[in-house]
There are 2 protein chains.
Amino acid sequence: MKEIEVPDIVVSRLPLYLRTLEFLAMEGREITSSAELAERLGLNPAQIRKDLSYFGSFGQQGRGYSVKGLIEALRQILNLEREWEVALVGVGDLGRALVHYQGFKDKGFRLALLFDNNPQKIGMKIGGLEIMDSALIPKLIPERGIKIAIIAVPPQEAQKVADVLVSAGVEAILNYAPVNLKVPPHVKVHYIDPVVGLRHMTYYLPRPQQ
Amino acid sequence: MKEIEVPDIVVSRLPLYLRTLEFLAMEGREITSSAELAERLGLNPAQIRKDLSYFGSFGQQGRGYSVKGLIEALRQILNLEREWEVALVGVGDLGRALVHYQGFKDKGFRLALLFDNNPQKIGMKIGGLEIMDSALIPKLIPERGIKIAIIAVPPQEAQKVADVLVSAGVEAILNYAPVNLKVPPHVKVHYIDPVVGLRHMTYYLPRPQQ
DNA sequence: TAGATTGTTAATCGATTAACAATC
DNA sequence: TAGATTGTTAATCGATTAACAATC
């Protein structure tokens with residue numbers, strides 16, 4: 001039996017389904033439907049059912065989906081049944097904000113290592129973690145078996161940092177630097193650049209008349 | 001002559017082209033090609049040429065594109081020929097990081113209004129801007145004609161804030177709260193949720209064997 | 001049983017890309 | 001002129017969604 005390759009665009013929607021389900025669970029809901037999820041996410045119900053069908057059958061005809069059950073299933077599918085330790089490189093304003101961010105907790109991630117190359121910052125403690133010298137990345141990341149890193153350094157440094165992280169064994173990078181990274185094919189990169197989002201939206205804003 | 005509707009997926013790539021071109025310009029490059037842009041962005045050269053062709057002809061056969069010329073063209077297409085004033089709601093850790101973020105400057109955006117509903121924070125100055133009471137959104141945003149807002153408040157407050165912003169005339173929202181917002185069709189929302197990005201990538205990370 | 005909603009097929013729709021004439 | 005790269009067409013590829021049988 002040949003394994004069907006799941007399209008990445010399908011995988012990319014699963015975290016949104018999971019987030020919506022976790023929200024419903026918090027509200028105390030026990031059952032939901034593809035129609036309700038679609039309504040909340042602005043998607044088509046058939047798309048949600050199709051997406052889920054790549055992985056199995058999780059609902060009950062005539063009833064819908066158990067919120068708890070589908071959360072469990074998506075956690076398993078997304079490889080979230082363990083807690084992932086994450087390394088953060090660059091403890092500037094954004095880095096500090098990420099250290100204090102409460103949203104990682106209980107979502108499957110924990111910041112475990114902080115790096116910076118500024119001697120002023122190295123040794124400082126923040127959020128209970130000591131800021132380590134970036135030069136120690138090749139030592140500490142393999143030691144801890146860390147696979148996920150967040151890059152929050154200035155754009156000029158981002159590629160160099162990425163290279164070091166990848167040689168240290170990192171396979172997933174959340175990149176806040178406004179730069180496209182070159183990485184080997186086995187490494188995933190997710191980009192967060194507010195300016196890209198803003199510039200996308202200005203296209204639709206009113207233009208000066210004539 | 002019927003106007004051809006440009007697909008949103010095409011528009012969404014233009015800011016990436018622009019970012020890459022601005023980077024090339026900084027490096028002093030004068031000419032580039034669809035092949036080079038594609039290489040840097042991990043895309044297909046034909047796709048870039050096709051995307052641009054929705055808006056006109058910006059290159060020269062046999063030579064490529066003038067970096068400066070294409071930057072100009074994309075700025076015009078993306079409605080970036082003015083500077084946009086942006087309101088920020090929620091001056092927590094993330095909000096503060098955004099206030100200090102240098103990446104908005106010279107990219108077409110300037111934080112112009114800060115709001116928070118915490119009496120401790122109202123009246124404080126940060127980055128040269130006074131934090132205003134969120135209750136003043138309906139007064140100050142229309143006064144300044146602001147069309148773009150960034151939401152950086154806790155998830156429970158995000159929908160309420162979005163509603164107020166939209167009634168105040170905002171038409172583009174950059175939402176850092178991990179919540180899907182319900183807004184009228186003329187309002188664009190761009191979502192930034194690091195957990196969604198991380199959870200997408202964990203799908204591809206090594207799983208516990210058996 | 002009647003009503004509801006899933007899971008899945010097949011049709012539709014839309015995006016990507018190969019190929020090449022145009023042309024600098 | 002020869003070489004290079006655009007702009008654009010048309011083919012391919014892939015994603016979305018309508019429709020409905022299955023079934024709870």
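Throughout, protein chains are lettered first and strands after them, A, B, ... in sequence-line order, and every chain is numbered starting at 1.
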### Task
Tell me what B/R63 touches on the nucleic acid: a base, only sugar-phosphate, or nothing, going by heavy atoms under 4.0 Å.
sugar-phosphate

#### Entry: B/L43 CG - C/dT17 P separation (whole Å)
8 Å

### Task
Let me know the distance between CG of B/L37 and P of D/dT5, rounded to the nearest Å.
13 Å

### Message
Using whole Å, what does the distance between atom P of nucleotide D/dT6 and atom CD of B/Q60 come to?
### Response
11 Å

### Task
For A/D51 and for A/G62, locate the closest nucleotide of DNA chain C by heavy-atom distance; then report the residue assigned to the nucleotide nearer the 5' terminus.
A/G62

### Message
Please report the distance, rounded to the nearest Å, between CG in B/N44 and P in C/dT16.
### Response
10 Å

### Query
Rounding to a whole Å, what distance do you find between B/I31:CD1 and D/dT6:C1'?
13 Å

### Task
Might you point out which heavy atoms bring A/N175 and A/V189 nearest each other, and give the distance in Å?
CB-CG1, 4.1 Å

### Message
Can you identify which nucleotide, out of D/dT6, D/dT23, D/dA19, has its nearest atom closest to the B/S34 side chain?
### Response
D/dT6

### Exercise: identify the closest heavy-atom pair between B/P138 and B/A135
CD-O, 3.2 Å

### Spatial distance of atom CE (B/M201) from atom CH2 (A/W84) [nearest 0.5 Å]
11.0 Å

Under 3.5 Å between N/O atoms: give me all the protein pairs with nucleotides 11-14 of chain D, atom names plus distance.
none

### Message
Tell me the interatomic distance from B/K50, atom NZ, to C/dT16, atom P, rounded to whole angstroms.
### Response
9 Å

### Task
Would you kindly give the CZ-to-P distance between A/R49 and D/dA22, to the nearest whole Å?
16 Å

### Summary
On a heavy-atom basis, the closest approach of B/L174 and B/I192 is CD1-CD1, 3.9 Å

#### Entry: B/Y101 and B/F104 aromatic ring geometry - parallel, tilted or perpendicular at 30°/60° bounds
perpendicular

### Under 3.5 Å: donor-acceptor pair, side chain of B/S167, backbone of B/D163
yes

### Task
Starting from P on C/dG7, measure out to CG on A/L52 and report it in whole angstrom.
7 Å

### Task
For DNA chain C, determine which residues of residues 66-80 of chain B have any heavy atom closer than 4.0 angstrom to one of its atoms, and list them numerically.
none

### Summary
Taking pairs as Watson-Crick (N1-N3 plus N6-O4 or O6-N4) or G-U wobble (N1-O2 and O6-N3), each distance under 3.5 Å, the stems of three or more consecutive pairs with DNA chain C are C:3-24 with D:3-24

#### Entry: Check: A/S134 side chain, A/D116 main-chain N or O, donor-acceptor pair, under 3.5 Å
yes

### Summary
Between the CG atom in A/L113 and the CG atom in A/L140, the distance rounded to the nearest 0.5 Å is 6.0 Å

### Summary
Only residue of A/R19, A/E39, A/R40 satisfying side chain to side chain donor-acceptor pair (under 3.5 Å) with B/N180 is A/R19

#### Entry: Closest heavy-atom pair and its distance - A/G95, A/L88
O-CD2, 3.5 Å

### Message
Using a 4.0 Å heavy-atom cut-off, does A/Q47 contact any base of the nucleic acid, only the sugar-phosphate backbone, or nothing at all?
### Response
base

### Phosphate OP1/OP2 of C/dC24: any B/Y65 side-chain N/O under 4.0 Å
no

### Query
Can you tell me if CD on A/E30 sees more than 12 non-hydrogen neighbours from other groups inside 6.0 Å?
no

### Query
Taking the six-membered ring of B/Y203, is NZ or CZ of B/R207 closer than 6.0 Å to its centre and within 45° of its axis?
yes

